[in-house]
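What follows is one structure encoded as structure tokens, with my remarks underneath.
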Amino acid sequence: MSAPAVPSYASGISDEPLLGDTIGDNLDRTVARVPDGEALVDRAQGLRYTWSEFLAEVDALALGLLDLGIVKGDRVGIWAPNCAQWTLLQYATAKVGAILVNVNPAYRTHELEFVLNQAGVRLLVAAREFKTSKYAEMIEEVRLGCAALETVIITDSPEWSALFVDGDVSRVRAVQAELSADDAINIQYTSGTTGFPKGATLSHHNILNNGYFVGRLCGYTEADRVCIPVPFYHCFGMVMGNLACSSSGATMVIPAPGFDPKLTLEAVAQERCTSLYGVPTMFIAELSLPDVDSYDVSSLRTGIMAGSPCPVEVMKQVVERFGMTEVSICYGMTETSPVSTQTRANDSLDRRVSTVGRTMPHLESKVIDPETGLTVPRGTPGELCTRGYSVMLGYWEQPDKTAEVLDRARWMHTGDLAVMDDEGYVNITGRIKDMVIRGGENVYPREIEEFLYTHPDILDAQVIGVPDQRYGEELMAWVRLRDGVDGLTAEQVREFAAGKLAHYKIPRYVHVVEEFPMTVTGKVRKVEMRAASVELLGLEAAAPTA
Ligand code: AMP
């Protein structure tokens with residue numbers, strides 16, 4: 001009898017234990033270790049703090065929250081683009097045990113009202129405005145409809161300054177001592193790219209450890225300076241950025257309130273950053289700046305690309321042109337704090353650019369057949385599941401929704417399709433919902449997108465399935481072209497792909513665009529693309545009616 005196939009299951013080993021601290025205690029520990037190291041740089045506001053200055057501000061703000069009557073478990077919302085105030089509030093709420101509710105800076109009144117009510121936010125801190133978002137005005141519009149909301153503080157107002165209380169810090173320490181690392185400390189609304197937002201509820205233990213181990217795998221020490229252009233309202237900014245830095249003593253550098261490729265590279269050059277973060281589209285924007293080579297980014301050693309499929313070509317370019325030789329890819333989702341797998345600096349370049357790495361320390365991964373729930377053999381595609389310290393407590397006050405994704409054995413079912421190879425490296429092939437079935441053949445858009453990146457005229461590509469009477473679905477590619485390229489037809493793409501891709505994987509339609517519809521965290525809204533394509537191609541008759 002032959003031995004059973006090796007299952008697509010892996011557990012991440014480490015000779016380093018998990019942290020048992022709360023976020024506040026962990027911060028105090030770092031400050032005691034590197035009081036004079038630089039903690040935070042906010043370039044737009046010209047603010048700089050050493051760790052001891054940062055802690056003094058955090059403690060003063062924590063005292064202000066206590067004076068306002070904020071107690072453990074209260075929900076405190078933050079609605080602002082990236083700024084020092086965001087970070088200070090993140091740590092001050094953690095110190096008093098208030099649950100920070102991250103509000104997406106792109107929200108408008110309808111979504112704002114929904115999250116304020118769903119989470120029962122008592123205190124909302126917000127920027128006055130940013131670009132087209134008039135936060136203060138929008139809050140006034142919905143305020144009456146938010147029963148729990150008692151106080152609103154705008155960050156450039158005297159009320160914000162008054163919230164920093166120069167008082168007896170032992171009051172903060174006393175409250176801190178009453179907190180458990182397993183308490184909920186953060187709610188992050190996530191809807192992926194579809195559906196109504198659900199509040200992933202995360203504990204100190206969840207996010208502190210995730211930030212810490214991301215930092216460990218990037219090799220962070222107090223000598224590192226991390227450029228964080230990704231939004232704080234998402235785990236990428238506040239966990240992989242802020243918490244990775246505060247748990248290792250590295251510096252958090254905020255290049256700008258919102259993403260700007262020039263300001264990002266300027267920050268790297270002037271602040272001598274050693275690490276640069278971004279979703280793939282951010283790196284693409286930076287690499288395609290006409291003056292990209294004029295920035296001195298020689299200080300870069302590492303960085304993280306994550307959030308959506310990271311094209312091999314783009315990974316290669318950040319290594320070659322930005323010198324990010326140790327760059328890593330992380331894969332994860334808000335519900336898992338977020339990172340579940342990560343490439344290691346000593347993985348081969350090929351593995352580092354073409355997979356999302358291996359299971360993080362102390363976590364488990366498995367790939368299952370979504371129909372049967374059984375673990376598939378290595379090399380077979382299926383749904384990726386994650387288990388361990390990083391899995392959220394649940395969706396805030398939505399036990400039914402929680403039960404849809406978290407099973408009895410506490411595996412988080414990600415909804416992502418993945419393949420695990422013999423050595424435990426994971427490849428994400430797409431969202432289950434994005435898989436295209438053309439004439440009975442499963443087509444993974446990711447594969448076609450990777451192929452299209454090799455076309456010299458194509459800057460970025462996204463592939464979707466559109467309805468088709470004959471095949472059920474047909475492939476359509478939306479492409480962004482390089483500067484100076486006039487156009488690209490489906491015929492030209494077909495010629496380029498002929499002989500290189502199986503016929504059923506060659507896009508039937510090609511649509512040239514300037515931009516893709518995106519979420520603030522850099523995820524392409526494929527649902528929106530599909531709807532627009534149906535209209536564009538006049539396929540309403542073939543589209544299934546909802
Ligand atoms: P969010 O909860 O907003 O962070 O979205 C999580 C989703 O982003 C995951 O379920 C994946 O579909 C996608 N994602 C995140 N990182 C990666 C990655 N490195 N490669 C492919 N997809 C990713």
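We count ligands from 1, going down the list as the structure has it; atoms in each ligand are counted the same way.
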Does an N or O anywhere in His234 fall below 3.5 Å from an N or O of ligand 1?
yes
Below 3.5 Å, N or O to N or O, backbone or side chain included: is there any such pair between Tyr331 and ligand 1?
no
Numbered atoms of ligand 1 (with element) below 4.0 Å of [X], judged on heavy atoms:
X	result
Ile329	19 (N)
Thr334	1 (P), 2 (O), 3 (O), 4 (O)
Pro309	20 (N), 21 (C), 22 (N)

Sub-4.0 Å heavy-atom contact, Lys523 with ligand 1:
yes
Nearest heavy atom to atom 8 (O) of ligand 1: which of Ser308, Gly430, Ser340, Gly307 does it belong to?
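Nearest heavy atom to atom 8 (O) of ligand 1 lies in Gly307.
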Nearest option to atom 19 (N) of ligand 1, as decided by whichever heavy atom of Ala200, Cys330, Ala306 sits closest
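Looking at heavy atoms only, the winner is Cys330.
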Where does the angle between the aromatic ring planes of Phe213 and Tyr389 fall among parallel (under 30°), tilted (30 to 60°) and perpendicular (over 60°)?
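Ring orientation of Phe213 relative to Tyr389: tilted.
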Would you say the side chain of [Y] lies within less than 4.5 Å of the side chain of [X], judging by non-hydrogen atoms?
X	Y	value
Ile254	Leu40	yes
Ile368	His413	yes
Lys526	Arg431	no
Leu459	Tyr453	no

Is the contact between Val356 and ligand 1 made by the side chain, the backbone, both, or neither, using heavy atoms and a 4.0 Å cut-off?
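It is the side chain that gets close, since no backbone atom is under 4.0 Å.
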Is NZ or CZ of Lys198 both nearer than 6.0 Å to the six-membered ring centre of Tyr395 and within 45° of the ring axis?
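Here Lys198 passes the 6.0 Å and 45° test against Tyr395.
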Is the NZ or CZ atom of Arg438 positioned over Tyr504's six-membered ring, under 6.0 angstrom from the centre and within 45° of the axis?
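Judged by the rule, Arg438 and Tyr504 form no cation-pi pair.
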